[in-house]
Amino acid sequence: MSAATTSQHKGSVNYLNCDYSLKSWLTTLDHKRIGLLYLIAILIFFLIGGSMALMIRYELLTPEGDFLMSDTYNKTFTMHGVALIFFFLIPSIPAVLGNFLLPLMLGAKDVAFPRLNLLSWYVFMAGATLGTIALVAGGVDTGWTFYTPLSSTFAHGAVVLAVSAAFVAGFSSIMTGVNFIVTIHMMRAPGLTWSRLPLFVWAHYATSLIQVLGTPVIAITLFLVGVERAIGIGIFDPKLGGDPVLFQHLFWFYSHPAVYIMILPGMGVISEVIACFARRRIFGYDFVAYSSLAIAVLGFFVWGHHMFVSGQSMYAGMVFSVITFLVAIPSAVKIFNWTATLYKGSIHLTAPMLFALSFMGLFTIGGLTGLFLASMAVDIHLHDTYFVVAHFHYVMVGGQIIAFLAGLHFWWPKMTGRMYPEGLGKLSALVTFIGFNLTFMPQFILGYMGMPRRYHSYPEEWQVLHVLSSAGASVLAAGFLLTIGYLIWSLWYGEKASANPWGAKGLEWQVPSPPPTENFEGKPIVKEEAYHYSPELHEEEKEYEHV
Amino acid sequence: MNGIPFFPEQASKAAHEVDLIYYLLTALTIFFSLAVFAGVLYFVIKYRAGSKVDRHHPPSHNMKLELAWSVIPLFMSLAVFGWSAKLFVEMQKPIPSRDALEVIVIGKQWMWHLQHPTGQRENNTLHIPVGRPVKLTMISQDVLHSFYIPAFRIKMDVIPGRYTTMWFEATKTGTYHLFCAEFCGTKHAEMIGSVVVLTPEEYEQWLKDNQWGMQSQQRIETMAEQGAKLFTRLGCNGCHAPGSEGGPPLAGMYGTQRALTDGRFVTADDNYIRDSILEPQKMVLSGYEDKFMPTSPGIEEQQILQLIAYIRSLKEMPAAAAPINRNEAEG
Amino acid sequence: MMTEHKMPDIKTYVIVFLALVGLTFFTVYSALNWHVKLGPLDLNIILAIAIACTKAGLVIAYFMNLKNSSKLAKTWAGAGLFFLLIMFVFGLSDFVSRWFTVEGW
Amino acid sequence: MSEAHVSDTHLPVAHQFEDEEQQFQSYSLGMWVFLAQELLFFGGLFTAFIVYRHMYFDAFVAAHHKLDWKLGGLNTLILLTSSLTMALGVRTAILNNYKATIGWLLATCALAFGFMGVKYVEYSSKIAHNLWPAGDFVFKQEGIDAGGAQIFYGLYFTMTGLHGLHVLVGILIMGWLVFRIYFKRKEVVDYIPIELTGLYWHFVDLVWIFLFPLLYLIG
């Protein structure tokens, strides 16, 4: 990041060009720089996980397992899961956009505990290094879920390394959560009451609640698996009478709320982007804000829907199923509110807006297919099939990654002082949308046909659908690589960005881009409500020169 | 099935109703997705930047509308939940074992071993009659597996250390896929097989053709007969033979409520018998506190299942039937 | 600016400490000597957990000074307990209800 | 009951905070959120313990008879006393009396070492009776299945081991605090890290308050 960027008046010092030394970057306490450090780290793991995805899709072109040996294939999809979930999806929006923007949106100089923030990055890198060593040392063939007794006694990969990688990365997530909770409570500018907070901040508060209260449970579960495998203390070992279903309970107690850690910040980004490019206050602000909290809390009651056919008792299954249906309601409320926000707005179809609209479409499909898996009778047929794979990719890739791209494009000028190329941005949004649907829509059909997950070979009558899906995967990969390409290109050759290229409301747009290290000169005072746009006033159009 | 395969066969009683719920949910998904898509498209076109259109005082909230689109989806969800929970209970409810064909399934890393009550053993294939409920009692010898037949819309995990059961009733003859749905290691993708549904006559014929032992040319013993042999070989009859007070009598005890020393009541099902064989002291019957039952180390899952079959057959005490020679029967 | 910081005085600390030690002796005594059984339920377990909860309450309120801490600290302490109870109740619901047979549906 | 301690001294305020009150409230809230997370961390182990106790009732009762409740009780008293000394140390820190604070902190460290000593005695005697739950675990007793007992000792060593690890971390932090106060005795005693360590130490004592009856007494 050695871009010499100057905002309007020449030679102004900002957080990027104030010090170029490596030491200043590696010992920075500035939340903005830590956000960029996280961005670089998760980009590496996005590429690792993405290449694994392409290998899987390439293998599944043919019914027989002829591209990879079955062991290598199992290690590939396991590392695809571990790399992308623990080292990309969970940290991506909170640690990159959240770290960069929360203090700016709250009018604060920095997060509450800057040193803890830097420590969370180093703990993340320690976890990442352990993960890479596990990959290099032969990989793990247990699936990212580490189900015992396969992971604790029968698997012969580097399970202890992979488990400790996820264990360490979990603490980085906890530190970020603690930091954000205290920052949002304690560091708000005068006048910035909870009902005036941007919805991005609401979403991060709900996410931090899950990060702090969910992650320790997977830490202790993975600790037990590691202890069982390394020392032989058989907690889950069936020969001693240990119950593998107990492991599933403890694992999913965290891992379902974890999917809400991934999607809630995405929803926060979408609220910001839609409000800005529809020039309108979000419809039903209170409902959208409280639905974030409702999702976070209800998310802890539903983990049993992963275990309807795992020997869990029928009565417990029914309780989990009905609450899973309840947790779908707040998500539906958000989608309806975003749609209603477009009414009587003045809509600018910029690249972030295109990503946001495709998020709305894909997340609606992703969320509703979740109801298939929540209804117990249908889940008996669909559990552990490609229907589940399609469902969670619709929510995680179609939802979270596309929301992350929307946020990245929306705040790129603020983060780097450079504009991304608008035309390529729109193209990449289109290519990603088409490639994604082509990849995962056929997998719904495959799922209902009964194609099980994590299969290296399959009956040949399904080959057509797999070929379609693999074709889509390459288009999706092209879309992502195009985005990475022009974003990096824009660091040097992108157009200089003004302080507020989109004419957006919000404290982060009142500081120059890229912002100075101490964010605000004086202490900003907030007098008006969030998203104070007025679309009917036409004179507002002229100062917004970019679209 | 040329062209793009779109829908799996419906070959079991439950399959039809599962598909109905699936159609309903697909319809709901398409409806809501189209509604959102149409709404977004309409608004984006009508209110695009620069279009001359009335944008005065856009509504910031509308309690009636927001409550409506929260409560209506809530009721729709609960309706779908109710229907699918009812169906789930029907699919899981244990069927009276009188008319069910009870097959045992043993999953081990990367193959399925199945055994019919009449002694026939199969690997990775299961021959069953159409129109008759089939009950599977399943256990794994190593890691988690999952017995999955897409055409019957039925699946159940196979757990090491505990029996899980599932039942279904085939309605169409033919050969259907059998998969392992829970990741179980290197050859998880090769742990597949097929379920062959025969007409009752074909099934009887199949039983007859396979009732002779490979080498011994004698009629193979049924599960209960093998259980009886084991019962004596392991010395169980020392205490559990009728009349001896060394251990509780076993005739007709299957399925009854057993009072334990600490006052708890447990139904004597397969799991109870298996636990009592492997860890005798885990659940001690009241009145037998001072009695000691030896464990039998190294006993295989198959043998336990044979003992269970024998104990269940103990309505009255049949003498162990002598094996009949093949050529006598066919002579 | 004066930091007004309410801390219990020494007398309170010693009283709470003695209460804790007393409860410890009581729980040990009751566990070893009383064996009251109510059907399958062992009343000792409930008594021991009740005593442990009161000791925990004393430590949290006085030693950790939650009584005088901010409302936020109290909510987050409560949140931790609430989600712990969710894990216990929903986790156990499966293991307890496994033996319910379905005759009565 | 409680007297208000108005300290006329001022602590340095970190750059990102506005005033001392916001700084203290932030650190206090951050610590309580961290302790809520620790509660869930041990909560996972307690869930496993409750579930296995429900499944292996007799084995757990038989296995816990081999634990020495006298050592467990002694450890409980040690930890309760260390909680008292810690609380008094925090109080003197706020009153800016660095000598007394160092005294109380060292007392707490000594008690913590005592706790670890008793734990060492306990562990070595268990391992001597080869009750270590891996490999050569031997639990021959009429009518008790060894699997359940081995799981009990698996949970016993994991829970008390993890708790012991937290006690060790507490000792290290207190040692660092003593050095820090001593070298900065000229300035105002920075009571915030001491109060946070106090909260952490009381939490560790809290976990033991639940571990002691569940493992040593019940049954």
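Here is the naming used below: chain letters follow the sequence lines, and residue numbers restart at 1 for every chain.
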- [ ] Answer with yes or no after comparing the ring centroid distance for D:His166 and D:Phe42 against a 6.0 Å cut-off, counting only values under it.
- [x] yes
Task: Heavy atoms from other residues, nucleotides or ligands near OH of D:Tyr123 exceed 12 (cutoff 6.0 Å) - done: yes
Name the member of [options] that forms the most heavy-atom pairs with chain D at distances under 4.5 Å.
options                   : answer
C:Leu20, C:Ile51, C:Leu47 : C:Leu20
C:Phe83, C:Trp76, C:Phe63 : C:Phe63
C:Leu72, C:Asp94, C:Leu66 : C:Leu66
C:Leu23, C:Val16, C:Val59 : C:Val59

Heavy-atom distances under 4.5 Å only: say whether [X] touches chain C with side chain, backbone, both or neither.
X        : result
D:Met55  : side chain
D:His54  : side chain
D:Ile209 : both
D:Phe46  : both

Open item on the list: According to side-chain contact (heavy atoms from CB on, under 4.5 Å), who are the partners of C:Ala50, at least two apart in sequence or on a separate chain?
Closed with: none
Checking heavy atoms, do the side chain of [X], its backbone, both or neither come under 4.5 Å from chain D?
X       : value
C:Thr27 : both
C:Ala79 : neither
C:Tyr13 : both

Task: Closest contact, heavy atoms only, D:Trp201 versus D:Ser82 - done: NE1-OG, 2.9 Å
Task: Minimum heavy-atom distance between D:Lys119 and D:Gly164, given as atom pair plus value - done: CD-CA, 4.5 Å
TODO: State plainly whether the residues C:Asp9 and D:Arg91 are in salt-bridge range, i.e. N to O under 4.0 Å.
DONE: no
TODO: List for me each residue that meets side-chain hydrogen bond (donor to acceptor under 3.5 Å, both in side chains) alongside D:Thr85, sequence neighbours excluded, and say none if there are none.
DONE: D:Thr108
Task: Within 45° cone of D:Tyr56 ring axis and under 6.0 Å: D:Arg53 NZ or CZ - done: no
Going by atom type alone, with no hydrogens or angles, which donor-acceptor pairs under 3.5 Å involve a side-chain atom of residues 71-80 of chain D and a protein atom two or more places apart or on another chain?
residue, atom, partner, partner atom, Å
D:Thr76, OG1, D:Gly72, O, 2.8
D:Thr76, OG1, D:Trp208, NE1, 3.0

Open item on the list: Ring-plane angle category for C:Trp34 and C:Tyr29, please: parallel below 30°, perpendicular beyond 60°, tilted otherwise.
Closed with: perpendicular
Task: Non-hydrogen side-chain atoms of D:Pro193 and D:Arg180 separated by less than 4.5 Å - done: yes
- [ ] Enumerate by number any residue of residues 28-41 of chain D whose heavy atoms lie under 4.5 Å from heavy atoms of chain C; in the absence of such residues, state 'none'.
- [x] D:Leu29, D:Trp32, D:Val33, D:Leu35, D:Ala36, D:Leu39, D:Leu40
